[in-house]
Number of protein chains: 2
Amino acid sequence: MFNRELVKGSTSLLLLQLLLERDMYGYELVKEMDKRSDHQFQIKEGTLYPALHKLEKQAYIECYWQEQPKGPARRYYKITEQGKEVLQEKQDEWQRYVQVMNKVIGRTENDSI
Amino acid sequence: MFNRELVKGSTSLLLLQLLLERDMYGYELVKEMDKRSDHQFQIKEGTLYPALHKLEKQAYIECYWQEQPKGPARRYYKITEQGKEVLQEKQDEWQRYVQVMNKVIGRTENDSI
DNA sequence: CCACCTACCTAGTATTATGAGGTATTTATA
DNA sequence: TATAAATACCTCATAATACTAGGTAGGTGG
């Protein structure tokens with residue numbers, strides 16, 4: 001999605017954020033991310049499922065199957081309390097990161113060696 | 001530096017930006033980056049030199065050796081015209097990226113499915 | 001019937017940041 | 001005089017992770 005390299009590391013932040021709002025299943029997360037970002041973050045399934053499995057292993061999310069009246073069953077993911085804490089840390093880190101980036105690439109007038 | 005994953009992809013942007021301001025040599029770039037970012041971007045030499053060589057191969061930067069009266073010779077890097085164009089694109093992409101990220105992780109009040 | 005969408009998944013590849021190492025010169029210190 | 005530390009360059013192996021390209025299966029529309 002977007003620039004492959006720029007995005008690294010923010011996937012878990014994005015996923016946890018979406019799951020903070022409501023439980024979702026994998027395929028739904030792909031669609032929701034696409035929609036929310038005006039088609040700029042088109043996370044691929046080859047990225048999503050391993051990422052979700054890792055988050056689950058880390059106990060930041062939990063999952064449960066839900067049968068559907070029609071169509072295949074869905075595996076819903078739910079953020080845990082621990083996941084919420086980690087999300088907060090990731091949010092803070094993102095903020096700091098943007099600030100530092102802007103400082104370095106931003107204006108230049110008075111900072112020389 | 002910082003969070004390993006978050007940073008991926010922005011290294012070339014940062015390097016090109018610093019070189020836009022003046023020619024620098026590798027070791028100087030490490031120190032300058034550290035200084036500008038209040039010690040938050042501590043780019044490692046194992047990252048820097050391969051990154052510089054790649055930028056050179058892509059013709060975004062050029063280099064020249066400069067003997068020093070004392071101490072080892074320095075290899076100075078200089079941004080090319082093509083590098084300046086690429087830098088502009090990377091800047092734009094960074095801006096867009098921050099905007100989309102903020103949109104997705106930002107406020108939530110009225111954007112539901 | 002067949003294409004397409006939903007919905008899950010994995011394996012292999014490419015990229016990239018880092019850790020750990022190497023070389024060589026100069027300067028400060030003990 | 002040693003010797004450590006700083007300057008200045010470099011490479012290799014490893015880890016993390018995003019993507020491509022595949023696979024399975026059920027349901028829907030033409």
Side-chain angles (χ1 to χ4, degrees), chain A residues 1-16 23-35 37 40-58 60-61 63-77 90 97 101 113, chain B residues 1-16 23-35 37 40-58 60-61 63-77 90 97 101 113:
Chain A
M1 54 181 176
F2 222 84
N3 175 323
R4 184 192 190 108
E5 289 86 47
L6 213 51
V7 160
K8 284 201 179 179
S10 48
T11 300
S12 56
L13 166 55
L14 290 166
L15 293 178
L16 289 174
D23 295 2
M24 288 193 220
Y25 53 99
Y27 198 78
E28 187 182 11
L29 284 162
V30 173
K31 302 300 173 192
E32 184 67 11
M33 195 91 89
D34 176 73
K35 187 183 160 225
S37 68
Q40 306 227 48
F41 289 166
Q42 298 184 327
I43 189 169
K44 301 306 185 305
E45 293 180 68
T47 304
L48 178 77
Y49 289 108
L52 286 173
H53 297 160
K54 192 184 173 194
L55 287 174
E56 193 190 352
K57 207 169 162 185
Q58 292 170 314
Y60 300 161
I61 60 177
C63 71
Y64 53 94
W65 283 98
Q66 201 169 85
E67 298 298 325
Q68 298 305 116
K70 357 189 105 182
R74 294 167 176 172
R75 188 171 206 167
Y76 277 85
Y77 292 91
K90 284 178 182 289
Y97 178 59
M101 273 294 287
I113 233 175
Chain B
M1 54 184 177
F2 226 83
N3 174 320
R4 186 190 189 107
E5 289 85 48
L6 212 52
V7 158
K8 285 202 178 175
S10 48
T11 299
S12 56
L13 166 56
L14 291 166
L15 293 177
L16 290 174
D23 296 2
M24 288 192 220
Y25 54 99
Y27 199 78
E28 187 181 11
L29 284 162
V30 173
K31 302 300 173 191
E32 184 68 12
M33 195 93 86
D34 176 73
K35 187 182 158 227
S37 68
Q40 306 227 47
F41 289 167
Q42 298 184 326
I43 189 169
K44 301 306 184 305
E45 293 181 68
T47 304
L48 178 77
Y49 290 107
L52 285 173
H53 298 159
K54 192 184 171 193
L55 287 173
E56 192 190 353
K57 207 170 164 185
Q58 291 170 315
Y60 300 161
I61 60 178
C63 71
Y64 54 94
W65 282 97
Q66 201 169 84
E67 297 299 323
Q68 298 304 116
K70 353 190 108 183
R74 293 169 176 171
R75 189 171 205 165
Y76 277 86
Y77 292 92
K90 283 178 183 289
Y97 178 58
M101 271 296 284
I113 235 175

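As the structure is a prediction and not an experimental result, all values here were calculated from the model. Both backbone and side-chain heavy atoms feed into the values below; hydrogens, waters and symmetry mates do not. Lettering of chains follows the sequences in order, A, B, ..., and the numbering in each one begins at 1.
Nucleotide C/dA11 holds its P atom 16 Å from the OH atom of A/Y49, rounded to whole Å. If you measure from atom OH of A/Y64 to atom P of C/dC8, you get 12 Å, rounded to the nearest angstrom. If you take CG of A/L48 and P of D/dT17, they are 14 Å apart, rounded to a whole angstrom. Protein atom NZ of B/K44 is 19 Å distant from nucleotide atom P of D/dA8, rounded to whole Å.
A close approach under 4.0 Å does occur between a side-chain nitrogen or oxygen of A/R74 and OP1 or OP2 of C/dA7. Between B/H53 and D/dT11 there is a side-chain polar atom (N or O) within less than 4.0 angstrom of OP1 or OP2. At C/dA7, one or more side-chain N or O atoms of A/Y25 fall inside 4.0 Å of OP1 or OP2 (strictly under the cut-off).
Applying the side chain to side chain donor-acceptor pair (under 3.5 Å) rule to B/Y64 yields the partners B/D23; only residues at least two apart in sequence or on another chain are considered. Checked against side chain to side chain donor-acceptor pair (under 3.5 Å), A/R75 has no partners two or more places apart in sequence or in another chain. Partners of B/Y49 according to the side chain to side chain donor-acceptor pair (under 3.5 Å) rule, which considers only residues two or more places apart in sequence or in another chain, do not exist here. In terms of the side chain to side chain contact (heavy atoms under 4.5 Å, CB included) criterion, residue partners of A/S37 (sequence neighbours excluded) are, by chain and number, A/Q40, A/F41, B/V100, B/V104.
Projected onto DNA chain D by closest heavy-atom contact, B/P50 and A/P50 fall at different nucleotides, the more 5' of which corresponds to B/P50.
More than 12 heavy atoms of other residues, nucleotides or ligands lie within 6.0 Å of CD in A/Q68, so this atom counts as buried by the packing criterion.
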Pairs under 3.5 Å (N/O, protein and nucleotides 1-3 of chain C):
none

Under 3.5 Å, which protein N or O atoms sit close to an N or O of nucleotides 2-4 of chain D? Give each pair with its distance.
none

Check the interface with nucleotides 21-23 of chain D: list each N/O to N/O pair with the protein under 3.5 Å, or write none.
none

Write down the protein N/O and nucleotide N/O pairs, taken from nucleotides 24-28 of chain D, whose separation is under 3.5 Å; answer none if there are no such pairs.
none

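Side-chain contact check for A/E28 versus A/Y76: some heavy-atom pair is nearer than 4.5 Å. A heavy-atom distance below 4.5 Å is not found between the side chains of A/M33 and A/L48.
Between A/E45 and A/P50 the shortest heavy-atom distance is O-CD, 3.8 Å.
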- Task: Output, in order, the C-alpha distance, side-chain angles, deciding distance and verdict of side-chain contact (heavy atoms from CB on, under 4.5 Å) for B/Y97 and A/S10.
- Result: CA-CA 11 Å; B/Y97 178 58; A/S10 48; 2.6 Å; yes
- Message: Applying side-chain contact (heavy atoms from CB on, under 4.5 Å) to B/L52 and B/L29, what does each step give before you reach the verdict?
- Response: CA-CA 10 Å; B/L52 285 173; B/L29 284 162; 4.0 Å; yes
